[in-house]
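Working notes for the structure below.
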2 protein chains.
Amino acid sequence: MAMGRPRAFDADAALDQAMEVFWRHGYEGATIAQLTEAMSINPPSLYAAFGSKEGLLKAALDRYTAKRNCWMEGILSAPTAREVAERMLVGTADTQTDPANPPGCLLVQGGLACGTGSENVPFELAARRAETENQLRDRFVRAKAEGDLKESADPAALARYLSAVNAGMGVMASSGADREALRQVAAVSVKAFEEQSNS
Amino acid sequence: MAMGRPRAFDADAALDQAMEVFWRHGYEGATIAQLTEAMSINPPSLYAAFGSKEGLLKAALDRYTAKRNCWMEGILSAPTAREVAERMLVGTADTQTDPANPPGCLLVQGGLACGTGSENVPFELAARRAETENQLRDRFVRAKAEGDLKESADPAALARYLSAVNAGMGVMASSGADREALRQVAAVSVKAFEEQSNS
DNA sequence: CCATAAATGTAGTGAGCGCTACAAATGTGG
DNA sequence: CCACATTTGTAGCGCTCACTACATTTATGG
């Protein structure tokens, strides 16, 4: 049997372009016209490949979180909980103000609240944020077992705290905070960790 | 000369209803149909009173920030910087999970990124958030002058930090974090302040 | 070289959007 | 009680939205 005409565009490259549009305008603010233009394809190609606007978002998020998990590996491999926190927050300050991307974090910018019919989108983004939080929590459970965090420290609370600061930095970056400002936030935030660390 | 037919609805009560819709669905996710239904008026009344959807948002934000400034007075009157931080963050944990309102903060939920033509909305929200940050900064400048904060403390950085945590808690609340979880975040956050305080 | 299968580009579709024209209703000033 | 100014409800405007029908093109299997 025949295999059909092959796809003429690179799906991953197209997803990177779509990611940028969602990042800059949010899910609801991004239009199919903007997406197809950025991806250099026509609507039927988009729908054949990704099914729907929401399907395209999920595919873009998969790609985003894949990169992010890779980035997180470098963070989580830090020797102590305090250094995990520092690398994470300083790294966030830098990536969220990287001129190569829109400011802020796609998982926050994408949409915290959506209109009727798109209620799934905020859930989807929240689930991806939760993944990072869980990675941090697991790392801090280990840090506690290793005696790196005090006996009184709560790994889940610390992970939630880092996740909150991370999201907050995303909000500030999206409204124009520069790298220096975010690094100051990171520096103050890390102090909360020193209280929880052994020496 | 004649004065014209009087308005048949209470503008402030209508704004409270509009506020809730924007809060729950974001600026772009909220439709005129939803807004008018919640406000119990018809579109012409909305446009006569507020000019446009964006005008309605601004009017709702004015009302929101008026309440917020009132709330902030109670926060800023705390005797020390550390207590300002604690009251603020714990208060945020409570108000952002108050079942009387949609979860999170309108100034964050409203829209961080918008479509072409609504670029003003994120700016508007950011400006209101910045107002709170400035109030905090001024308060910490005073705290430093009073010797309540260490000589090495940076009031602007501390205000920015609180603002970031606040926004971050809004993000988490909007994705379902409960009061207990946010209070834990507040508790950890406050520790960063103890490092900056004199005894 | 032909039959088949899938992707492409053109050109729309119905639905829902923000917003408004218009006539009727309702108050005030003289 | 009348002339006027403004609001109200009905109905619908033009536009843009996410999405798709369809004919064409481009590959593969036999």
Side-chain angles (χ1 to χ4, degrees), chain A residues 1-15 17-19 21-22 24-61 110-111 113-122 124, chain B residues 1-15 17-18 21-22 24-60 110-111 113-122 124:
Chain A
M1 49 172 155
M3 296 285 273
R5 178 175 175 175
R7 178 177 288 158
F9 65 95
D10 176 1
D12 284 338
L15 278 178
Q17 298 306 311
M19 193 189 299
V21 175
F22 283 131
R24 180 156 278 128
H25 295 293
Y27 175 74
E28 294 194 306
T31 69
I32 298 292
Q34 288 174 323
L35 290 163
T36 52
E37 186 184 343
M39 299 165 85
S40 302
I41 60 175
N42 292 309
S45 297
L46 190 160
Y47 283 89
F50 306 107
S52 66
K53 186 184 177 185
E54 196 171 325
L56 174 62
L57 175 71
K58 285 183 185 168
L61 288 179
C114 277
T116 311
S118 304
E119 296 90 349
N120 249 34
V121 170
E124 192 71 30
Chain B
M1 50 174 154
M3 298 282 275
R5 178 173 174 174
R7 177 178 288 158
F9 65 95
D10 177 0
D12 283 338
L15 279 178
Q17 299 305 312
V21 176
F22 283 131
R24 181 156 277 127
H25 294 293
Y27 175 74
E28 294 195 306
T31 69
I32 297 293
Q34 288 173 324
L35 290 164
T36 52
E37 187 184 344
M39 299 165 84
S40 302
I41 60 176
N42 292 309
S45 297
L46 191 161
Y47 284 89
F50 306 108
S52 66
K53 185 183 178 186
E54 196 172 324
L56 174 62
L57 174 71
K58 285 183 185 170
C114 277
T116 312
S118 305
E119 296 90 348
N120 248 34
V121 170
E124 192 71 29

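Chain A is the first sequence line, chain B the second, and so forth, proteins listed ahead of strands; every chain is numbered from 1. Hydrogens, waters and symmetry mates play no part in the numbers below; they use all other heavy atoms, side chains included.
Per the geometry, NZ belonging to A/Lys53 stands 17 Å off C1' belonging to D/dT20, to the nearest Å. If you take CZ of A/Arg7 and P of D/dA27, they are 15 Å apart, rounded to a whole angstrom. A/Ile32 has its CD1 atom 16 Å from the C1' atom of C/dG12, to the nearest Å. C/dC17 atom P lies 14 Å from atom CG of B/Leu46, rounded to whole Å. One interatomic measurement links the two molecules: CZ of B/Phe9 to P of C/dG27, which rounds to 15 Å at whole-angstrom precision. Atom pair B/Glu28:CD and D/dT16:P shows a separation of 15 Å (rounding to whole Å applied). We find that OH of B/Tyr47 is positioned 13 Å from P of C/dA21, with the value rounded to whole Å. Atom CD in B/Glu37 sits roughly 14 Å away from atom P in D/dG9 (whole-Å rounding).
Between the A/Glu28 side chain and the A/Gly115 main chain, a donor and an acceptor come within less than 3.5 Å of each other. In this structure, the side chain of B/Glu124 does not engage the main chain of B/Pro122 through any donor-acceptor pair within 3.5 Å. Proximity of a side-chain donor or acceptor of A/Glu37 to a complementary backbone N or O of A/Leu35 within less than 3.5 Å is not detected.
In this structure, the side chains of A/Leu15 and A/Leu56 come closer than 4.5 Å at one or more pairs of heavy atoms.
For A/Arg5 and D/dT25, a side-chain-to-base donor-acceptor distance below 3.5 Å is present, hydrogens and geometry of angles not being considered.
Side-chain nitrogen and oxygen atoms of A/Ser45 include none within less than 4.0 Å of the OP1 or OP2 phosphate oxygen of C/dA7.
Counting only heavy atoms from C-beta on, B/Thr31 has its side chain closest to C/dG18 among C/dG29, D/dA27, C/dG18.
Summary of the strand contacts: A/Pro43 and B/Glu54 both lie near DNA chain C, and taking for each the nucleotide with the nearest heavy atom, the more 5' one is attributed to A/Pro43. Judged by closest nucleotide on DNA chain C, A/Ala48 is the one of A/Pro44 and A/Ala48 placed further toward the 5' end.
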